[in-house]
Amino acid sequence: MTMAPDHLNLVGGKWIGDGARLDNISPSNTNDLVGRYAQGSLADVDAAVASARNAMKDWSTNSPQVRADLLDAVGSRLLAERSEIGRLLSREEGKTLAEGVGETVRAGQIFKFFAQEALRVEGDSIPSVRPGVDVEIRREPVGIVGLVTPWNFPIAIPAWKIAPALACGNCVILKPADLTPGCAHILARLLDEAGCPAGVFNLVMGPGSTIGQHLVEHPDVDAISFTGSVPVGRAIASAAIGGMKRIQLEMGGKNPMLVLDDADLDVAVRVCLDGAFFSTGQRCTASSRLIVHRKIHDAFVDRLSGAMTALRVGDALDPATQIGPVASERQLENNLRYVEMARSEGAEVIGGERIDVSAPGYFQRPALFLGATNQMQVSREEIFGPCAAVIQCDDLDEGLAIANDTPFGLSSGICTTSLSSARTFKRLSSAGMVMVNLPTAGVDYHVPFGGRKASSFGPREQGRHAREFYTATKTTYIG
Ligand code: NAP
Ligand code: MG
């Protein structure tokens, strides 16, 4: 392999890393080495936490204008350098160039949004029930916040945790997914170049099982925000609760899209194609259960499978590609196992096979599992690949019951032209986010994001709601 650039951890304002390196390999071409990334040590985590604690007083008591300016500057860089950063994102994670650039723009918008929010950390002042006493309710920073993020949105998810954390006056240690350290490293560099004070933001790359766990268990970390899988989320929750840390967990989904017999089929096909397969199905909000009214099932499946088969699977950096590779060999093996499982459970499988394109990579055709039931394992477990089960229903009531019959509750959707059906669905859906005639994936950045049941735990992320997690309330009585 050729010489690749070396990337270090940012701890206490210094770029450090005399230990091991991890090769960041492109899933579109396993001969393409994106770069070498430092693997932090437990001592690096300790040093990061200590430097964050040291920086906390100045950072949290300084003018909010300082925080606003820093976040705004990072947002501007992300927007200005969207092509280059988006390209790196696509190269290391495998989503298409359009998706990579789009996600970079989103990260920039998030930083800009929270730059303004830094100036809006407001409180209340109300009369006491005791005469002559005033009561003041203020929001203060939680303290040292550990962030643990997944690989599938390698710049947007770190952005939507870092920006509100800093806006509210906290100090941060980020442990990004080992599969996609490149985007996290860019955020660290942009923050450093924009003048982020030493210790306010720290990056420690390395495996979740060691670096992540040490961060989560660290006695001097006050709060943990995690996005990732349910099993890791559960382990983090039990580790964090021992130290009575504040926790926020965003986890998996098995998101239903209900297509009624009065749906506009053009809309329904477009919505299901996007929701199930774009970003290679590697979205926690992907539509992985398509619940289709029996009357239109055959016509709908005909059109959706035609559109799905026509999708161009290929190198993420090829502008003609519509579906990039699966992010890793392990994820691809997992997806292929579920394709086999669908067959053995009695579904008819269209697509889903591993394919070769020009370079060695992890390419898979999108898949539909026809004739699925909601009880099959492929309908109950999150696959996290370009695979969707198609389940038939007789009417809105049955479709809604199937939609809600899942351990998850992140997002849900309905395709219908009936206002009444849309209203019933949005009221009775047990998901945190509901979409009407829109894909289950694809959200705004200025409104709450999150789910119910096994999908989420703790306060919502994004928009103004983010401060519920990143601030602690203090009530003061003044006599
Ligand atoms: P994951 O395996 O759970 O990993 C997530 C993060 O946790 C990674 O940084 C990982 O580090 C770290 N980690 C692993 N074990 C740990 C431990 N014992 N202690 C502390 N940290 C640990 O998830 P993933 O495979 O990266 O991402 C896919 C999952 O994320 C899917 O389930 C998807 O639904 C979910 N997701 C949810 C949302 C949402 O908002 N609800 C959004 C996107 C993705 P390493 O990978 O470096 O080992
Ligand atoms: Mg990689």
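Each ligand, and each atom within it, is numbered from 1 in the order the structure gives. None of these values were measured; they are calculated from a predicted model.
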Who's the nearest protein heavy-atom neighbour of [atom], and how far?
atom	answer
atom 18 (N) of ligand 1	Gln213 OE1, 3.6 Å
atom 24 (P) of ligand 1	Trp151 NE1, 3.4 Å
atom 40 (O) of ligand 1	Phe449 CE2, 3.1 Å
atom 28 (C) of ligand 1	Phe384 CE2, 3.5 Å
atom 20 (C) of ligand 1	Gly212 C, 3.3 Å
atom 32 (O) of ligand 1	Glu382 OE1, 2.7 Å
atom 37 (C) of ligand 1	Met251 O, 3.0 Å
atom 15 (N) of ligand 1	Val232 CG1, 3.6 Å

For ligand 1, which atoms have a heavy atom of [X] less than 4.0 angstrom away?
X	result
Pro176	9 (O)
Ile157	42 (C), 43 (C)
Cys284	34 (O), 36 (N), 37 (C), 38 (C), 39 (C), 40 (O), 41 (N), 42 (C), 43 (C), 44 (C)
Thr227	5 (C), 36 (N), 37 (C), 38 (C), 39 (C), 40 (O), 42 (C), 43 (C), 44 (C)
Gly252	34 (O)
Leu410	41 (N)
Val148	6 (C), 7 (O), 9 (O), 12 (C), 21 (N)
Asp178	45 (P), 46 (O), 47 (O)

What one should report as the nearest heavy-atom pair of Val271 and Cys415 is CG1-SG, 3.9 Å
If you draw a 6.0 Å radius around [atom1] in [X], do more than 12 non-hydrogen atoms from other residues or ligands fall strictly inside?
X	atom1	value
Arg330	CZ	no
Lys426	NZ	no
Arg234	CZ	no
Phe457	CZ	no
Arg312	CZ	no

Could you walk me through whether Met205 and Leu22 satisfy the side-chain contact (heavy atoms from CB on, under 4.5 Å) test, starting with their C-alpha distance in whole Å, then the side-chain angles of each, then the deciding distance to 0.1 Å, before giving a yes or no? CA-CA 9 Å; Met205 302 175 282; Leu22 179 91; over 6 Å; no
Taking atom 23 (O) of ligand 1 as the point of reference, which of Ala184, Ala239, Ser229 owns the nearest heavy atom? Ser229
Run the salt-bridge test on Glu193 and Arg189 with the 4.0 Å N-O cut-off and return the result as yes or no. yes
[X] heavy atom under 4.0 Å from ligand 1:
X	value
Gly206	yes
Gly233	no
Phe153	no

List the steps and the verdict of side-chain contact (heavy atoms from CB on, under 4.5 Å) for Val259 and Leu290. CA-CA 7 Å; Val259 181; Leu290 309 179; 5.7 Å; no
What do you think, any protein heavy atom under 4.0 angstrom from atom 3 (O) of ligand 1? yes
Are a donor atom and an acceptor atom from the side chains of Tyr338 and Glu381 found within less than 3.5 Å of each other? yes
Using 30° and 60° as the class limits, which term best fits the ring planes of Trp15 and His185: parallel, tilted or perpendicular? tilted
Hey, what's the ring geometry for Tyr37 with His7, parallel, tilted or perpendicular (30° and 60° as the breaks)? parallel
Output yes when the distance from some N or O of ligand 1 to some N or O of [X] is under 3.5 Å, and no in every other case.
X	answer
Gly208	yes
Ser455	no
Lys175	yes

Examine the proximity of ligand 1 to [X] and report which part, side chain or backbone, both or neither, has a heavy atom under 4.0 Å away.
X	result
Ser456	neither
Leu179	neither
Phe226	side chain
Thr149	backbone
Asn152	side chain

Verdict with reasoning, Asn152 to Gln282, per side chain to side chain donor-acceptor pair (under 3.5 Å): CA-CA 6 Å; Asn152 65 323; Gln282 298 172 150; over 6 Å; no
Measure from NZ or CZ of Lys95 to the centre of the six-membered ring of Phe153 and say whether it is under 6.0 Å with the direction within 45° of the ring axis. yes
Just one of Val378, Asn255, Thr406 clears the side chain to side chain contact (heavy atoms under 4.5 Å, CB included) bar with Arg289, so which one? Thr406
Determine, stepwise, if the pair Arg120 / Arg467 fulfils side-chain contact (heavy atoms from CB on, under 4.5 Å). CA-CA 10 Å; Arg120 295 194 194 102; Arg467 63 188 174 168; 5.9 Å; no
Please test Arg460 against Phe469 for side-chain contact (heavy atoms from CB on, under 4.5 Å), starting from the C-alpha separation and ending with a verdict. CA-CA 8 Å; Arg460 289 283 183 263; Phe469 180 74; over 6 Å; no
